[in-house]
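Beneath this line is the structure, given in structure tokens, with notes to follow.
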Amino acid sequence: RKISKAQRRFEKRQVKKDKKTRKLTKKTLHEVIEVKKETLASVNQAQRYVQGAEAAGHDTVQTLRKQNEQLGRINDELEGLDPLMEIAKRDIASIARRMSRDKCFIVLCLLVLGVLIVVIIVAVRHARSEER
């Protein structure tokens, strides 16, 4: 079978094209593999970040639970102090009343003492004026 020159040239060009296409395909395949590796590395890094965030979130939840329990205990203790505060208010009011009564008594005593001093001074002057 005889092949014409034109057909041989066509076949040679086709072979060259096939070689170029294979070369391009290999190059593209290598680029795709590199992109895939980079993507996989990024995904792995993102997974590590997510795991770290989950751990931090878990720790935060635990801390918040402990703080909530502490606040509950503190609230209970404060509610237990309410009756004691009422007793303290009554005692303070009673002490204040006693102090005001004591002040009144002291003022009264001072007035009586002042009157006595005035009476004594008047009596002494009166007695001296009679002696003369």
Side-chain angles (χ1 to χ4, degrees):
R1 181 171 156 204
K2 287 188 176 181
I3 300 176
S4 68
K5 281 185 177 184
Q7 195 169 0
R8 273 190 223 148
R9 273 185 280 169
F10 175 76
E11 286 177 1
K12 280 184 182 179
R13 275 189 254 146
Q14 219 33 43
V15 168
K16 280 184 184 179
K17 279 184 183 178
D18 286 347
K19 284 181 182 179
K20 283 182 183 179
T21 304
R22 271 189 243 129
K23 212 178 205 183
L24 264 173
T25 304
K26 282 183 181 181
K27 184 179 177 184
T28 305
L29 185 59
H30 285 296
E31 289 174 358
V32 167
I33 289 171
E34 284 303 310
V35 169
K36 182 180 175 184
K37 286 179 183 178
E38 290 172 6
T39 304
L40 188 58
S42 293
V43 167
N44 288 336
Q45 185 177 14
Q47 284 178 335
R48 286 192 299 276
Y49 287 150
V50 167
Q51 289 170 350
E54 284 177 346
H58 179 70
D59 292 344
T60 302
V61 167
Q62 293 300 329
T63 302
L64 287 173
R65 282 187 184 144
K66 287 178 185 176
Q67 288 176 348
N68 191 29
E69 290 171 7
Q70 288 175 338
L71 287 173
R73 286 193 300 274
I74 290 169
N75 190 37
D76 292 344
E77 289 174 9
L78 288 175
E79 286 177 0
L81 290 178
D82 282 342
L84 295 175
M85 292 297 288
E86 290 300 320
I87 292 170
K89 283 181 187 177
R90 282 193 307 244
D91 289 347
I92 289 172
S94 174
I95 291 169
R97 282 193 301 273
R98 279 189 237 143
M99 285 177 63
S100 67
R101 278 186 293 201
D102 290 346
K103 285 180 185 177
C104 290
F105 181 72
I106 291 171
V107 169
L108 183 62
C109 288
L110 288 174
L111 283 173
V112 170
L113 182 63
V115 169
L116 280 174
I117 290 173
V118 169
V119 169
I120 292 172
I121 291 173
V122 170
V124 168
R125 282 191 179 180
H126 183 63
R128 280 190 188 167
S129 66
E130 281 184 11
E131 286 181 7
R132 287 188 205 168

- prompt: Is any side-chain heavy atom of C104 closer than 4.5 Å to a side-chain heavy atom of R101?
  reply: no

Roughly how far, to the nearest 0.5 Å, is [atom2] of [Y] from [atom1] of [X]?
X    : Y    : atom1 : atom2 : answer
I117 : L110 : CD1   : CG    : 9.5 Å
R13  : K20  : CZ    : NZ    : 11.5 Å
I106 : M99  : CD1   : CE    : 9.5 Å
K23  : K19  : NZ    : NZ    : 9.5 Å

N/O donor to acceptor pairs below 3.5 angstrom from side-chain atoms of residues 27-45, sequence neighbours left out:
| residue | atom | partner | partner atom | Å |
| --- | --- | --- | --- | --- |
| T28 | OG1 | L24 | O | 2.8 |
| T39 | OG1 | V35 | O | 2.7 |
| S42 | OG | E38 | O | 3.1 |
| N44 | ND2 | L40 | O | 3.3 |
| Q45 | NE2 | Y49 | OH | 2.8 |

Side-chain donor-acceptor distances from residues 55-81 under 3.5 Å, at least two apart:
| residue | atom | partner | partner atom | Å |
| --- | --- | --- | --- | --- |
| T60 | OG1 | A56 | O | 2.8 |
| T63 | OG1 | D59 | O | 2.9 |

field: Residue of the set V122, I121, V115, I120 for which side-chain contact (heavy atoms from CB on, under 4.5 Å) holds with V118
entry: V122

- prompt: Would you say the side-chain atoms of S94 and R98 include a donor-acceptor pair closer than 3.5 Å?
  reply: yes

